[in-house]
Amino acid sequence: MSDCCTLGGKNNESYDLAVIGAGSAGFSAAITAAVQSARVALIGHGMIGGTCVNIGCVPSKTMIRAAEALHGAKVAGRFPGLTGEARITDWHALVQAKDDLVGALRQKKYVDLLPSYNGIAYLEGAARLEDGGVTVNGDAIRAGKIIITTGARPSVAPIPGIDKVDYLTSTSALDLEELPRSLIIVGGGFIGCELGQMLARAGTQVTIVCRSRLLPQVEPEVSDALMNVFREEGVAVNCGVAYEFCRQDEEGVTLCVKEGGVLTELKAARVLVATGRAPNVEGLGLEAAGIRQAVGGGIAVDDRMRTTKRGTYAAGDVTGRDEFVYMAAYGAKIAALNALNGDSLVYDNSVMPAVVFTDPQVASVGLTEAQAKAQGFETKTSLVPLNQVPRALAARDTRGLIKLVADAKTDRLLGGQILAPEGADSIQTLALAIKHGMTTKALGDTIFPYLTTVEGLKLAAQTFEKDIAKLSCCAG
Ligand SMILES: Cc1cc2nc3c(=O)[nH]c(=O)nc-3n(C[C@H](O)[C@H](O)[C@H](O)COP(=O)(O)OP(=O)(O)OC[C@H]3O[C@@H](n4cnc5c(N)ncnc54)[C@H](O)[C@@H]3O)c2cc1C
């Protein structure tokens with residue numbers, strides 16, 4: 001490891017900690033350090049608050065909720081005696097309301113917080129690591145320790161011709177002036193799935209294409225069921241394709257894909273590229289500083305959030321792992337405490353819940369069956385379709401399933417996934433069960449409230465031992 005971090009320069013201020021990047025990870029690191037009475041330079045470039053509040057979680061989730069309201073009215077007829085109808089009367093008003101929410105949360109959760117912490121100095125500008133320190137707008141900043149939290153941006157798959165196409169990314173798709181008539185989404189990850197369903201429900205004819213399958217990190221049963229939900233809603237899904245080329249003309253966009261040796265030309269008004277995220281590392285001077293990047297370009301960190309340069313840490317999306325806002329904040333907190341107090345804390349993502357905000361939602365925690373097997377566990381699994389869950393029957397919406405994975409030798413829960421309309425709010429129960437080493441037997445014996453989606457976890461746990469179809473309501 002090379003050494004960090006004392007630098008003299010024009011700016012004579014000196015800080016205990018310099019945090020580069022004022023998104024969720026940056027704020028978490030800066031506030032954690034300030035609470036420890038450290039003097040912190042928080043250096044922001046671009047919109048304060050970063051991805052989550054401005055162009056990620058907040059705008060996407062409010063638009064998804066709006067599309068759900070639209071869809072909910074349209075499918076009200078699943079209850080005999082009801083008809084429903086909803087339509088978009090003013091797309092601009094919807095987009096404006098999203099922007100207002102973003103602006104209000106950015107102000108309240110980021111800008112307005114800064115004066116509450118005397119120890120934090122907010123500096124505006126692109127920071128660069130130089131000669132063992134940081135420079136901002138050419139001014140040198142002295143700091144005992146540094147945390148890099150510069151986030152990531154949409155990365156575009158190298159499809160021949162894509163550079164000549166006016167493609168959308170997640171950022172521009174959330175800011176559309178008008179809805180495209182039709183849209184090809186390249187990529188079946190969480191962004192492609194969430195935005196694809198939202199825009200389809202808003203009225204765009206959507207085709208999702210992906211190289212493997214939808215949400216490749218989730219259980220195959222969940223991926224397949226989600227694909228069926230999408231297809232039933234009219235979203236076309238083409239999985240297992242190779243991207244050949246893309247071109248644009250007056251009529252729109254053509255994407256040529258190869259599927260099982262057969263070339264197919266897909267056409268749409270617009271194309272949205274959702275093929276992952278690239279870490280924001282350009283201009284930081286990583287190489288000169290001796291900071292190693294991992295495969296994929298993210299800054300390599302060890303389990304204490306240390307980079308390969310002594311005294312310099314990294315957290316959040318710039319590390320290229322666990323790209324969720326709560327993990328960015330968690331990792332940054334560990335980094336700040338380690339930077340100030342001697343590297344004793346370890347980053348632990350073994351019980352990390354994750355949610356994809358499709359409808360039904362995809363919520364997961366712990367190991368998939370394949371991961372558990374790869375780690376040498378002898379596994380047992382249970383699978384409960386939502387038509388076995390009273391909540392889903394009452395809602396007349398049985399799209400989904402619950403899958404649990406356990407250690408066959410000890411009965412200990414290892415992981416699980418919920419595909420259900422309220423899966424996001426149910427997964428934390430399973431996270432706690434796994435965190436505290438519960439067995440499937442103990443989970444099945446736990447009292448759950450009747451008719452809830454989370455009760456499905458109890459049923460899935462009981463499925464290891466008995467046929468839940470033969471149980472009376474709440475009995476067992
Ligand atoms: C469409 C979308 C939806 C999402 N939905 C969810 C969700 O529902 N739930 C969830 O948990 N996560 C979600 N995420 C992921 C989440 O937004 C990110 O994991 C999180 O915001 C990452 O935070 P960060 O602080 O690491 O990076 P960022 O928030 O991106 O912050 C990095 C900041 O550093 C700045 N910067 C870059 N270079 C420099 C430099 N040289 N000097 C100074 N500043 C610099 C950047 O401009 C930026 O402001 C979503 C992401 C997207 C794109």
Side-chain angles (χ1 to χ4, degrees), residues 18-30 41-65 98 102 105-106 109-110 122-130 134-137 141 146-155 168-175 185 187 189-196 198-199 272-286 289 298-299 301 305 314-333 335 352-358 361-363 424:
V19 179
I20 307 177
S24 304
F27 266 77
S28 167
L42 174 60
I43 305 156
H45 181 56
M47 193 82 88
I48 191 168
T51 301
C52 183
V53 73
N54 291 303
I55 53 169
C57 328
V58 174
S60 63
K61 263 79 257 181
T62 192
M63 294 302 282
I64 286 168
R65 275 302 203 204
K98 179 261 301 174
V102 165
L105 284 178
R106 181 174 56 235
K109 292 291 168 193
Y110 294 90
Y122 183 71
L123 310 175
E124 175 70 42
R128 183 180 173 83
L129 304 158
E130 240 164 63
V134 174
T135 56
V136 184
N137 302 325
I141 307 291
I146 295 168
I147 303 179
I148 304 170
T149 57
T150 48
R153 59 184 185 281
S155 84
L168 296 166
T169 64
S170 60
T171 308
S172 47
L174 287 165
D175 242 352
I185 299 186
F190 87 92
I191 290 178
C193 288
E194 288 185 358
L195 298 188
M198 182 271 285
L199 289 165
L272 190 169
V273 183
T275 48
R277 315 258 309 152
N280 294 325
V281 291
E282 297 77 9
L284 283 173
L286 294 184
I299 295 179
V301 287
M305 314 307 291
D317 283 8
V318 75
T319 64
R321 69 176 185 190
D322 302 341
E323 294 189 22
F324 302 104
V325 67
Y326 43 93
M327 296 310 285
Y330 164 70
K333 188 173 182 180
M352 177 187 79
V355 173
V356 181
F357 289 86
T358 48
Q361 295 157 351
V362 180

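In listed order, ligands and their atoms are each counted from 1.
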side-chain contact (heavy atoms from CB on, under 4.5 Å) assessment of Ser170 paired with Ile55
CA-CA 8 Å; Ser170 60; Ile55 53 169; over 6 Å; no

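- Counting atoms of ligand 1 from 1 in the listed order, those under 4.0 Å from a heavy atom of Ile43 are 43 (C), 44 (N).
- Scanning all protein heavy atoms for the shortest distance to atom 8 (O) of ligand 1 gives Lys61 NZ, 2.8 Å.
- Within the 4.5 Å cutoff, the side chain of Asp175 has heavy atoms near those of the Lys98 side chain.
- Taking atom 31 (O) of ligand 1 as the reference point, the nearest protein heavy-atom neighbour is Gly23 CA, 3.4 Å.
- Of all the heavy atoms of Leu195, none lies under 4.0 Å from any atom of ligand 1, so neither backbone nor side chain is involved.
- For the pair Phe27/Ile48, a side-chain contact is recorded, criterion being any heavy-atom separation below 4.5 Å from C-beta on.
- Every heavy atom of Gly283 sits 4.0 Å or more from the atoms of ligand 1.
- Compare Cys57, Ala25, Cys52 by their heavy atoms: the one nearest to atom 13 (C) of ligand 1 is in Cys57.
- Distances shorter than 4.0 angstrom occur between a heavy atom of Phe190 and an atom of ligand 1.
- Taking every heavy atom of Ser24 and a limit of under 4.0 angstrom, the matching atoms of ligand 1 come to 25 (O), 29 (O).
- Arg153 and Asp317 are not joined by a salt bridge, as no carboxylate oxygen comes within less than 4.0 angstrom of a charged side-chain nitrogen.
- Nearest protein heavy-atom contact of atom 34 (O) of ligand 1 is Gly21 CA, 3.3 Å.
- For the ring-ring contact (aromatic ring centres under 6.0 Å, His included) test, residues two or more places apart in sequence or in another chain that qualify with Phe324 are Tyr326.
- Taking every non-hydrogen atom of Gly125 and a distance limit under 4.0 Å, the qualifying atoms of ligand 1 come out as 42 (N), 43 (C).
- Residue-level proximity to ligand 1 for Met327 is absent, since no heavy atom of it falls below 4.0 angstrom.
- In summary, the atoms of ligand 1 found under 4.0 Å from a heavy atom of Met47, numbered by their order in the structure, are 49 (O).
- For Arg277, the heavy-atom gap to ligand 1 drops under 4.0 angstrom.
- Of the protein's non-hydrogen atoms, Gly50 CA, 3.5 Å is the one closest to atom 49 (O) of ligand 1.
- Side-chain atoms of Tyr330 and Asp322, non-hydrogen and from C-beta on, never get closer than 4.5 Å to each other.
- Listed by number with element, the atoms of ligand 1 under 4.0 angstrom from any heavy atom of Glu323 are 15 (C), 19 (O).
- In terms of protein heavy atoms, atom 27 (O) of ligand 1 is closest to Gly151 CA, 3.2 Å.
- Considering each of Leu42, Thr51, Ile48, the one bringing a non-hydrogen atom nearest atom 30 (O) of ligand 1 is Thr51.
- For atom 23 (O) of ligand 1, the nearest protein heavy atom (residue, atom name, distance) is Ala328 CB, 3.8 Å.
- For ligand 1, the atoms closer than 4.0 angstrom to any heavy atom of Tyr326 are 11 (O).
- Cys193 pairs by the disulfide (SG to SG under 2.5 Å) definition with nothing, not counting sequence neighbours.
- The protein non-hydrogen atom at the shortest distance from atom 47 (O) of ligand 1 is His45 O, 2.7 Å.
- Considering each of Asp317, Thr149, Ile64, the one bringing a non-hydrogen atom nearest atom 19 (O) of ligand 1 is Asp317.
- The shortest distance between side-chain heavy atoms of Leu174 and Leu195 falls below 4.5 Å.
- Around the NZ atom of Lys61, the shell of radius 6.0 Å holds more than 12 heavy atoms that belong to other residues, nucleotides or ligands.
- Of the candidates Ile191, Thr150, Leu174, Val325, it is Thr150 that places a heavy atom closest to atom 37 (C) of ligand 1.
- Heavy-atom contacts of Ala127 reach the following atoms of ligand 1: 40 (C), 41 (N), 42 (N), 43 (C) (cutoff under 4.0 Å).
- The residue from Thr149, Ile141, Leu129, Asn280 that alone fulfils the side chain to side chain contact (heavy atoms under 4.5 Å, CB included) condition with Ile20 is Leu129.
- Checking Ala274, Gly316, Gly56, Ala424 against atom 3 (C) of ligand 1, the nearest heavy atom belongs to Gly56.
- For ligand 1 and Leu284, the ligand atoms under 4.0 Å from any heavy atom of the residue are 41 (N).
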